[in-house]
Each structure stands twice: as C-alpha cells, then as structure tokens.
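Below is one structure, written out as structure tokens, with a few remarks after it.
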Amino acid sequence: MTDQRTARAGFSERIKYRTIDLVVIVMVGVAFGVAFAGYAHLYNLVAPLTAVFPPLEGLLTGFWCLPALVAMLIVRRPGAAFGAEIIAACLEALLGSHFGVGALISGLIQGAGFEIAFALSGWASTSAAVVIGGSLLSTLFEWLYEITAYFPSWSAGYKVMLLVFFWISALTLLAALGRAIVTALAKAGALNQFPVGRDLAVSQAPRGGSRIDA
C-alpha cells in the first residue's frame, strides 16, 4: 500500500504544472504561430508541382505539428501538445492565414496524436518510439480530417498517396526536426530547468574517475 501511495504521489508530482511550464508552452505556440503565417505561403510557391500531382502537398504537413512535439518534449505534461498547437493555430489565423478556422481544427487534431502517444508512456518517456508514434498518429488524424473536409472527391489512390507523403513528412519535417530543435535548445542551456536539459547534462558528464599515470 505504501509503495502504491508513493507511486501515485510521484506520478502526481511529475504531471503537475509549474509557472515556467506554462510560459514555455505559450512561447512555443507564439513562435510557431508566427512561423505558420509565413509557412502557409509556401503552398502557393509549390502550386505548380501540386497541380501536377496534388498528393505531393502532404510533404509539407509535418511542420504544422511541430509545436505539439516541441512542447511535449520540453514540458512533458498532459495538455502541453494541445496548448502549444492551439496557441500557434489561433495566432496563425489572426495573422491572416488563408486556412482560416480550419487551422484551429487542425491544431486540435495534430495535438491529439502527441497527447495520446505521450499519455501511453505516462508522460515519462521521450524515446524514439514515442516521438515517432506521436508523429505518425498526429499526421494520421490530420489526414483523416483533410480527406473529409478538403479532398472528399479524390480517388482512393490519391488519398493513399497523400497519407504516404504525410508519413514521410512526419518522420523528417516533424520527428527528426522536432528532436533537433529541442536538442539544440538544450545544448544552448535554454532548457536547464527541464528534464531534457538535465538528461543532456548527465549524458555529457565525465564517467569514471581520472587515471593518474605513475
């Protein structure tokens, strides 16, 4: 019984928010919201390519899910992915994105994939399996939304290829880039108050004692 109480207390402490956690979620959301407003114009630049083969648009998708992954990797609390994505989507819409209210729906959907993946790990693991699983789930949910809301008339082949490109983007623009961003911030010392910063410090600490030659 004592062990169970200790475990519950430890879990409660692990998922309890600090002020700095909320600040980071807001900062991540705002930073990506501004980036999203510019990134949306990339769709116009690649229009000649997507006009030839529309599913190619899926290669751009991973970037939209980055706030959820970055926030969750840093904060590791329930709701961090939702919070960062919603803030980013709201700011994107306010800055005049042509996606309009659709950006808010996508924000919820994209955050959900990471919330599920990290919840299954008890918000304790940031392993490659959790990151990749969240990335694939997030883009899968977005794919389901887009083929229903935007591309219902597409052929089955186009829809399948769109998912393939979504998942390629999930493993490159999302999983790989998200980890790289957080690692760079940790190495710069910006995340010393978070588990990712402490994990990096431990991994870089000298191991064993020094050897003195006679």
- Query: Under 3.5 Å, side chain of E115 to main-chain N/O of G79, donor-acceptor pair present?
  - Reply: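 Yes, E115 side chain to G79 backbone: donor-acceptor pair under 3.5 Å.
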
- Verify, without hydrogens or angle tests, whether Y158 (side chain) and F53 (backbone) share a donor-acceptor contact under 3.5 angstrom.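 Judged by distance alone, no pair lies under 3.5 Å.
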
Using side-chain heavy atoms (C-beta onward) and a distance below 4.5 Å, is [X] in contact with [Y]?
| X | Y | answer |
| --- | --- | --- |
| L66 | Y39 | no |
| L108 | I86 | yes |
| P55 | F151 | no |
| W154 | I147 | no |
| I132 | S135 | no |
| E142 | W64 | no |
| C90 | L104 | yes |
| T183 | V196 | no |

- Query: side chain to side chain donor-acceptor pair (under 3.5 Å) with R18: which residues, sequence neighbours excluded?
  - Reply: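 Checked R18 against side chain to side chain donor-acceptor pair (under 3.5 Å); matches are D21.
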
Minimum heavy-atom separation for [X] to [Y], with atom names?
| X | Y | result |
| --- | --- | --- |
| S138 | C65 | OG-SG, 3.4 Å |
| A89 | G107 | CB-CA, 4.4 Å |
| W123 | M72 | CD1-SD, 4.2 Å |
| A80 | A71 | O-CB, 3.7 Å |
| K16 | R77 | O-NE, 2.7 Å |
| G111 | A81 | O-CB, 3.7 Å |

Rounded to the nearest 0.5 Å, how far apart are [atom1] of [X] and [atom2] of [Y]?
| X | Y | atom1 | atom2 | result |
| --- | --- | --- | --- | --- |
| L174 | W167 | CG | CH2 | 13.5 Å |
| E146 | E57 | CD | CD | 6.5 Å |
| R76 | I74 | CZ | CD1 | 10.0 Å |
| I181 | L177 | CD1 | CG | 4.0 Å |
| T126 | R179 | OG1 | CZ | 5.5 Å |
| K159 | W143 | NZ | CH2 | 8.0 Å |

- Message: Between L171 and L136, is the side chain to side chain contact (heavy atoms under 4.5 Å, CB included) condition met? List the steps.
- Response: CA-CA 8 Å; L171 298 175; L136 295 177; 4.3 Å; yes

Treating Ile, Leu, Val, Met, Phe, Trp and Tyr as nodes and any side-chain heavy-atom pair under 4.5 angstrom as an edge, say whether [X] and [Y] lie in one connected cluster.
| X | Y | answer |
| --- | --- | --- |
| F118 | L191 | yes |
| V75 | M27 | no |
| V23 | F32 | no |
| I87 | V34 | yes |
| I109 | L162 | yes |

- Start with the C-alpha gap between V28 and V24, add the side-chain angles, then the distance that decides, and say whether side chain to side chain contact (heavy atoms under 4.5 Å, CB included) holds. CA-CA 6 Å; V28 169; V24 165; 4.1 Å; yes

- Query: What do you reckon, are the aromatic ring centroids of F114 and F82 less than 6.0 Å apart?
  - Reply: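 Not under 6.0 Å, so no.
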
- Item | Candidate pair F141 and L137, rule side chain to side chain contact (heavy atoms under 4.5 Å, CB included), full reasoning | CA-CA 6 Å; F141 293 163; L137 268 181; 3.9 Å; yes

- Of T139, L56, L60, which meets side chain to side chain contact (heavy atoms under 4.5 Å, CB included) against F165?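 Of all the options given, the one that passes is L56.
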
- Message: Pair L42, F63 - check side chain to side chain contact (heavy atoms under 4.5 Å, CB included), show working.
- Response: CA-CA 11 Å; L42 187 59; F63 189 81; over 6 Å; no

- Message: Out of the candidates Y43, Y150, F36, only one should pair with F99 under the ring-ring contact (aromatic ring centres under 6.0 Å, His included) rule; please name it.
- Response: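 One option only clears the test, and that one is Y43.
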
